[in-house]
Every structure is written in structure tokens, then in C-alpha cells.
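Data first, discussion second: the structure below is written as C-alpha cells.
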Number of protein chains: 2
Amino acid sequence: MEDQFIKTASLIGDPTRASILWTLMDGRAFTATELAVSVNTSPQNISMHLGKLLDANLLCVEKQGRHKYYRFSNKEVAYALEAMASLVPKPEILSKNKPEKYPPIKFCRTCYDHLAGKIGVALTDSLLEQNIIKENNNAFEISIEGKKWFSDFGINLEEAQKQKRIFLKPCLDWSERRNHIAGSVGTLLFNKMKNEDWLRKTENSRAIIVTAKGEKELLKYFKIVV
Amino acid sequence: MEDQFIKTASLIGDPTRASILWTLMDGRAFTATELAVSVNTSPQNISMHLGKLLDANLLCVEKQGRHKYYRFSNKEVAYALEAMASLVPKPEILSKNKPEKYPPIKFCRTCYDHLAGKIGVALTDSLLEQNIIKENNNAFEISIEGKKWFSDFGINLEEAQKQKRIFLKPCLDWSERRNHIAGSVGTLLFNKMKNEDWLRKTENSRAIIVTAKGEKELLKYFKIVV
DNA sequence: TTCATAGTTAAGTACAGAATGAACTATTGC
DNA sequence: GCAATAGTTCATTCTGTACTTAACTATGAA
């Protein structure tokens, strides 16, 4: 087991591969060329690295025409990378000239396609407190009041329920070590907030920006102080 | 953030350092020389690597006379490494000639000084089911029946309660993604089982072996089928 | 058919950074 | 005091493996 662990660690530990994995951390699938651009290296080199990541079963591929889409082969990969990201030394320790707060990714970020980080957990807490959702042996369900709330909020639950993907489930947050909402409900909430310009995605990062409008609305709807 | 992540990943990814971290994963503190032996390299080299791990705040040191004891600086490190270990390709995939089961570390292992893995979680479930312990917003407490049970089982809770360390708390298991018992109660349970020869520690690994006796007793006391 | 784009494979090179060797400080024990 | 052990520092060497150059296959569009 030890040498297997070491192999996996070195696999992830190469700068170029770590950068590939970082890029893939927002849950989307990328083509080899896109990754080459994102990571700033040659196609041959990317091909070599992707091959190694595939061999170790960290990534999987889907062929579409002449494109190949790479993504994580399972969620454990994303979890492990998040856990590693949480080890990044905090800016305070790193350099005393830049007394920054927590890195933004820890504060507010996406986990695949739903909100994670502090905001994700606070949102979930608020929904639980307002009895919009209920927890029941490690599963979430929407209450009767909750159904009304979602439709008032402008989210069509019936539509979501028809989808094949999981409707609603708890997802463990790495930095907060607390549950937050995943599944299509999680995605719908996130998309709604994005469309209403409460939140904005940043380029090439999983960090999310809370707009001035978002700050107000999050306080109003969820009593979240940003 | 990305380059910070990459730095951390490369830090962990070096074979020698990965081996150091692996050794430290059972939660004990090791001296530099012990680590040099365990990792099979020179004292100078270990010193260099330990220095880097200290700089990144993954490890911390305690000086005791002319010895220096190294250990993880926080539990996030252990969590991240466990999460990485869970990415190790399963033997079935790795080689078709050795159709082994899960690596033993995932099955039964220690997390710092208490039981983790499948057994750790099953044990906790059983204690909850038997109303020996109760869960209350992410905290465990011992019931009145539970107090009797522990004393029957041969564990002196009063003694443990006097200690400075945390008495009882849930600890999240990486492979199972479920809570299990930590704190001094967790340690006492583990030590008791070790002393009664239900379980045995393996050399240089965090894996735990369940003895034939252990198999019987775990079934009897906790209805755990090994 | 031909050109362009997407991606792979193979051989050779380059270099970051790990390991080594030698000389050092610090603490313990006799 | 001195010897032995624990650990560090720095200059030098060495080596694994990432990256490059070049030639290749596969798919799609004109």
C-alpha cells in the first residue's frame, strides 16, 4: 500500500499535472487542447500527462468526434484535491506584508455545480432553520412550506424532479467540514443566484464573487452576513 | 491560489516526503532519525525534507532534549493524506493476477489513536443503536445505560474524564465518509480491544488485524460481522 | 481530394531538485 | 572534561522525468 500511495502522491504532485487537476476542479470536462492552453504547455506534453492520469484512474475520457473530453473519474478525486487545497498555508503565515483574509476559494466556491465553502454551508443551515428543507438520516428533503418557498423564489421543482440526476442530497464540504446542498436543487439555487447577479463566476478559478446586490439579498433571504 | 496549490501538491508528491507523511499517518510523533530509518535515507536528506514540510506548516516539531519529534501540525493534514490514499487504484484494476479485496487500510485502521475505517464506523453505529452513546447536533454523549455498559466492558470513564484531552467526539472517516468515535473514549475502546487481543497493530502500517478472538467478540458485543 | 484541426507516439535533451559528502552545533552521559 | 548521539548546513554531484523536436494517425470541413 505504501508504494501505491507514494506513486499516487507523485502523480498528483507534478506541477503540470497538479495544474490540470486544479483546472478540472470545477467539475467541467475539458479537451486536451483546452487543458494545454490552460496549463500553458504543448499538446504532446499534455497528452503524456493525461495518459498518466488516466492510467491511475484519476481521470476518464469521453470521445466526441475528434475531441476528447477529460474529467475526474469519480468524486473522491475532487474531495482529495479539495482536502489538499485546504492545506495551503494561510496568507498570514506565508507573508506578513499581505495581511489578507482566507483565500477566496475557501470562502465561496463551487463544488462541481453547486455552492460550497462558507456560503454553501451557511445557505444550507439557513434553509434547515427556516424549515424549508429537513434532514433525515443523512438525507435532505423539502418540507411542505419549502415547496412554496422554492416556487416563490422562482425555482421550478417539478421540472427538476423529472431529471435523471439526483434531486437533492447532502454533500460534505471540505473546508467547513459540514454538509451543504447538492443535487439538482443545489444547482438550481446556484444558477438562480448567478442569473440574478448575486454571484459571479471568476475566470479559471472555482472561487465565486458575491456582488453588492448578492450581499443584500443573501442577508434578506438567508440572514447570511457576507 | 493555484500556484499555492501546486506548491503544496509537489511538496507532498516527492517520494521521500510522501513516505515520511505515510509513516506519520498513524498519528504518532517520530524523531528525525527514526524517520530516516523508516524512509531509508540519510539524516541530512531527512533533515532537508523535514525542513520543507515544516516551512509549509504540514508538520510541527517538539524538542525533547537532543531529540526532535515531528508530527502533523493539524488534523487536516491527516485527512488530506487519507483522501489521497483513497485514490490509490484498487488491486483488481491494477493487476488481474491478484484479485485481492480492498487494501486493508481501508478496512480497518487507526486514525491517530482510535479506530477508523469500516470497523470504526460499524462500532460507532452499534454503540448508537444499543443506546450506549447518543448523537446530539454533531456531538456524542454517553447515556445512563452507556455508563454501566462501559464499566461492564472494563473501561473506567471517570479516569478518562479527568484527562485534559477531549473526552468524546465524532471524527469523520475518509473511506467511509461517516462518523466514528474519537477522543479518549475512542482511544480507551481501541486500547481495550488491543489488550484483549481482539485487534493487533501491524508493523509500519496503520492497518489493523482482527484476530480470530476479535472476530467472535466483535460479533457478540457489537454484531459486527468481519 | 485536400487542408486544417485534434490528438498521439517515440527518441533525445535539459534541468530542477533530491541525494551525497564533509564539516558543523547541541545535548546527553560518563 | 571527553566521547557519543542527534540533528543541521552548505557545496557538489547525480538522476528521474518533464519537456522538445519530429513524425505520425484520425476526424471533420471545403
Side-chain angles (χ1 to χ4, degrees), chain A residues 2-24 28-73 89, chain B residues 2-24 28-73 89:
Chain A
E2 173 170 6
D3 45 343
Q4 291 294 334
F5 172 78
I6 293 173
K7 269 186 198 161
T8 305
S10 338
L11 190 75
I12 300 172
D14 169 76
T16 305
R17 285 192 292 266
S19 184
I20 293 173
L21 294 168
W22 181 261
T23 304
L24 291 172
R28 283 185 294 158
F30 285 76
T31 66
T33 310
E34 281 171 339
L35 286 170
V37 172
S38 155
V39 166
N40 193 31
T41 188
S42 67
Q44 308 93 294
N45 200 27
I46 273 288
S47 186
M48 184 267 294
H49 286 301
L50 289 174
K52 295 193 175 185
L53 291 167
L54 281 177
D55 281 346
N57 202 36
L58 293 189
L59 301 187
C60 61
V61 213
E62 217 166 314
K63 211 176 171 183
Q64 256 173 53
R66 57 180 165 178
H67 295 277
K68 278 188 171 182
Y69 284 90
Y70 291 85
R71 58 186 167 80
F72 293 153
S73 63
Chain B
E2 174 170 7
D3 45 343
Q4 291 293 335
F5 171 79
I6 293 172
K7 269 186 197 161
T8 305
S10 339
L11 192 75
I12 299 173
D14 170 77
T16 304
R17 285 191 293 267
S19 184
I20 292 173
L21 294 168
W22 180 262
T23 304
L24 291 171
R28 284 185 294 156
F30 285 76
T31 66
T33 310
E34 281 171 340
L35 287 170
V37 172
S38 155
V39 166
N40 193 30
T41 187
S42 67
Q44 308 95 289
N45 200 27
I46 273 288
S47 185
M48 185 266 294
H49 286 301
L50 289 174
K52 294 194 176 187
L53 291 167
L54 280 176
D55 281 347
N57 202 36
L58 293 189
L59 300 187
C60 61
V61 214
E62 216 168 315
K63 212 177 170 182
Q64 256 175 52
R66 57 182 166 181
H67 295 276
K68 279 188 169 182
Y69 284 90
Y70 291 85
R71 59 187 166 80
F72 294 155
S73 63

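Computed from a predicted structure; not experimentally measured.
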_For A:Tyr70, give me all partners under ring pair (Phe, Tyr, Trp, His ring centres under 6.0 Å), at least two apart in sequence or on another chain._
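Result, ring pair (Phe, Tyr, Trp, His ring centres under 6.0 Å) vs A:Tyr70: none returned.
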Which distance, rounded to the nearest 0.5 Å, do you find between the [atom1] of [X] and the [atom2] of [Y]?
X	Y	atom1	atom2	value
B:Leu35	B:Thr16	CG	OG1	11.5 Å
A:Trp22	B:Asp3	CH2	CG	9.5 Å
A:Thr8	B:Ile12	OG1	CD1	12.5 Å
A:Leu11	A:Arg17	CG	CZ	5.0 Å
A:Lys68	A:Ser47	NZ	OG	7.5 Å

*Have B:Ser38 and B:Thr23 got a donor and an acceptor in their side chains that come within less than 3.5 Å?*
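Yes, because at least one side-chain N or O of B:Ser38 sits under 3.5 Å from a partner of the opposite role on B:Thr23.
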*Mind calculating the distance between CG (B:Leu50) and P (D:dT8) to the nearest angstrom?*
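So the two atoms are 7 Å apart, to the nearest Å.
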*Rounded to the nearest angstrom, tell me the gap between atom NZ in A:Lys63 and atom P in D:dA26.*
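These atoms are roughly 9 Å apart.
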Expected list for residues 58-67 of chain A: side-chain donor-acceptor pairs under 3.5 angstrom, two or more places apart:
unit_1	atom_1	unit_2	atom_2	d
A:Glu62	OE1	A:Arg71	NH2	3.4

*Applying the side chain to side chain contact (heavy atoms under 4.5 Å, CB included) test to B:His49, which of B:Leu54, B:Leu21, B:Ile20 qualifies?*
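Exactly one pass, corresponding to B:Ile20.
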_Minimum-distance pair of heavy atoms, taken over all atoms of A:Ile46 and A:Ala32_ =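 Looking at all heavy atoms of both residues, the closest pair is CG2-O, 3.5 Å.
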_Restricting to non-hydrogen atoms, name the atom on A:Glu2 and the atom on B:Ser19 that form the minimum distance, rounded to 0.1 Å._
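Here A:Glu2 and B:Ser19 meet closest at OE2-OG, 2.7 Å.
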_With a strict under 4.0 Å distance from non-hydrogen atoms of chain B, what nucleotide opens and what nucleotide closes the contacted stretch of DNA chain C, reading 5' to 3'?_
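Going 5' to 3' along DNA chain C, contacts run C:dA18 to C:dT28.
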Could you list all N or O pairs between the protein and nucleotides 12-22 of chain D that sit under 3.5 Å apart?
unit_1	atom_1	unit_2	atom_2	d
D:dA18	OP1	A:Arg17	NH2	3.3
D:dA18	OP2	A:Lys52	NZ	2.9
D:dC19	OP1	A:Thr16	OG1	2.9
D:dC19	OP2	A:Thr16	OG1	3.1
D:dC19	OP2	A:Asn45	OD1	3.4
D:dC19	OP2	A:Asn45	ND2	2.5
D:dC19	OP2	A:His49	NE2	2.7
D:dC19	O5'	A:Asn45	ND2	3.0

Nucleotide N/O to protein N/O under 3.5 Å, stretch nucleotides 5-7 of chain D:
unit_1	atom_1	unit_2	atom_2	d
D:dT5	O2	B:Arg66	NH1	3.1
D:dA6	O3'	B:Arg66	O	3.3
D:dG7	OP1	B:Ala32	N	3.4
D:dG7	OP1	B:Lys68	N	3.0
D:dG7	OP2	B:Thr33	N	2.9
D:dG7	OP2	B:Thr33	OG1	2.0

_Using C1' atoms of five pairs at each end, report the bend of the helix from C:dT1-D:dA30 to C:dC30-D:dG1 rounded to 10 degrees._
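Axis-to-axis angle, ends of the helix: 20°.
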